[in-house]
Amino acid sequence: QLQLVESGGGLVQLGGSLRLSCIASGFTLDGHAIGWFRQAPGKERERVSCISSSGGSTSYRDSVKGRFTISRDNAKNTVYLQMNSLKPEDTAVYYCAAYLYSYCSGALETSWGQGTQVTVSS
């Protein structure tokens with residue numbers, strides 16, 4: 001199964017920043033929309049942000065708008081999630097996944113990886 005590898009998580013204080021990276025190995029992200037998701041303990045996985053294959057279209061869930069920025073570098077086969085002004089409620093395991101197509105809806109092409117833990121302390 002195709003998987004992406006997430007990195008960049010860690011422990012930060014309220015108001016801190018982190019930049020997550022999503023790297024593909026043996027799979028090209030070009031042509032696929034990429035989503036960042038998160039799952040907190042006891043909660044369902046939710047999509048945080050998504051970027052189209054060209055990077056021209058992005059979306060964010062309301063709770064992270066203005067704080068998180070998604071970007072991609074197709075030459076590096078990498079997608080990033082810059083997270084600023086972090087809050088305790090952002091604490092979760094963060095995952096990335098590729099959609100089957102170039103837009104942010106429909107089926108996923110990749111299965112879930114191990115994710116990267118983000119913990120925000122107050």
Side-chain angles (χ1 to χ4, degrees):
Q1 290 182 328
L2 295 174
Q3 288 183 345
L4 306 179
V5 178
E6 305 91 349
S7 64
L11 173 63
V12 295
Q13 292 186 332
L14 173 67
S17 298
L18 286 172
R19 188 176 82 154
L20 306 185
S21 297
C22 171
I23 299 174
S25 178
F27 172 73
T28 179
L29 298 182
D30 196 6
H32 297 273
I34 305 298
W36 277 101
F37 302 78
R38 67 186 180 188
Q39 187 168 23
K43 295 187 177 181
E44 293 188 353
R45 192 170 353 229
E46 61 185 17
R47 195 172 82 181
V48 174
S49 182
C50 189
I51 187 167
S52 63
S53 60
S54 68
S57 177
T58 58
S59 64
Y60 301 90
R61 66 182 305 106
D62 287 346
S63 60
V64 306
K65 283 181 180 177
R67 300 188 297 122
F68 290 11
T69 303
I70 192 170
S71 62
R72 66 188 296 157
D73 185 339
N74 286 342
K76 294 183 178 180
N77 219 24
T78 303
V79 174
Y80 305 97
L81 185 68
Q82 178 67 44
M83 306 188 297
N84 298 328
S85 302
L86 283 163
K87 304 176 181 179
E89 50 263 44
D90 295 319
T91 296
V93 179
Y94 283 70
Y95 304 86
C96 59
Y99 283 87
L100 187 61
Y101 300 115
S102 63
Y103 46 87
C104 295
S105 65
L108 294 177
E109 175 74 23
T110 56
S111 59
W112 300 110
Q114 292 189 336
T116 186
Q117 175 71 49
V118 172
T119 303
V120 185
S121 66
S122 57

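Sequence positions, counted from 1, serve as the residue numbers for this chain.
Within the 3.5 Å criterion, the main-chain N or O of Tyr103 finds no donor-acceptor partner in the side chain of Ser52. Of the possible donor and acceptor atoms, one in the side chain of Asn77 sits under 3.5 Å from a partner among the backbone N and O of Ala24. With hydrogens and angles disregarded, a donor-acceptor distance shorter than 3.5 Å links the side chain of Thr110 to the backbone of Ala98. With hydrogens and angles disregarded, no donor-acceptor distance shorter than 3.5 Å links the side chain of Ser85 to the backbone of Gly15. Without hydrogens or angle criteria, Arg47 side chain to Arg61 main chain gives no donor-acceptor distance under 3.5 Å. Listed for the Arg72 side chain is a donor-acceptor partner under 3.5 Å among the backbone atoms of Leu29. Distance alone, capped at 3.5 Å, is enough to place a donor-acceptor pair between the Glu6 side chain and the Cys96 backbone. Formation of a donor-acceptor pair under 3.5 Å by the His32 side chain with backbone atoms of Leu100 is found in this model.
Note that OG1 of Thr91 is 7.5 Å distant from CD of Gln117, once rounded to the nearest 0.5 Å. For the atom pair OG1 (Thr58) and CD1 (Ile34), the distance works out to 14.0 Å, reported to the nearest 0.5 Å. Atoms CH2 and CG, from Trp36 and Leu4 in turn, are 9.0 Å apart once rounded to the nearest 0.5 Å. Here OG of Ser57 is found 8.5 Å from CD1 of Ile51. Values are rounded to the nearest 0.5 Å. With rounding to the nearest 0.5 angstrom, the CZ atom of Arg38 is 8.5 Å from the NZ atom of Lys43. Summarising the geometry, atom CG belonging to Leu18 is positioned 5.5 Å from atom CG belonging to Leu86; distances are rounded to the nearest 0.5 Å.
Of all heavy-atom pairs between Tyr95 and Gly113, the closest is CE2-O, 3.4 Å. In terms of heavy atoms, Ala92 sits closest to Ala40 at CB-N, 3.8 Å. Of all heavy-atom pairs between Val79 and Ser71, the closest is CG1-O, 3.2 Å. Here the closest heavy-atom approach between residue Asn84 and residue Ser17 is recorded as OD1-OG, 2.9 Å.
Lys65 and Asp62 are joined by a salt bridge, as a carboxylate oxygen and a charged side-chain nitrogen come within less than 4.0 angstrom of each other.
Using cut-offs of 30° and 60° on the angle between ring planes, the pair Trp112 and Phe37 is perpendicular.
Each of Tyr99 and Tyr94 belongs to its own hydrophobic cluster when Ile, Leu, Val, Met, Phe, Trp and Tyr are linked at side-chain heavy-atom distances under 4.5 angstrom. Under the 4.5 Å side-chain heavy-atom criterion for Ile, Leu, Val, Met, Phe, Trp and Tyr, Leu14 and Met83 are members of distinct hydrophobic clusters. Leu20 is not connected to Ile23 by any chain of hydrophobic side-chain contacts under 4.5 Å among Ile, Leu, Val, Met, Phe, Trp and Tyr, and they are in different clusters. A continuous path of ILVMFWY side-chain contacts below 4.5 Å connects Tyr60 to Val120, so both sit in one hydrophobic cluster. Under the 4.5 Å side-chain heavy-atom criterion for Ile, Leu, Val, Met, Phe, Trp and Tyr, Val5 and Val118 are members of distinct hydrophobic clusters.
The side-chain contact (heavy atoms from CB on, under 4.5 Å) test with Ile70 is passed by exactly one of Ser49, Ser59, Cys22: Ser49.
In this structure, Glu46 places its CD atom where more than 12 heavy-atom neighbours from other residues, nucleotides or ligands lie under 6.0 Å away. Counting heavy-atom neighbours within 6.0 Å of Phe27 CZ, excluding the residue itself, gives a total above 12.
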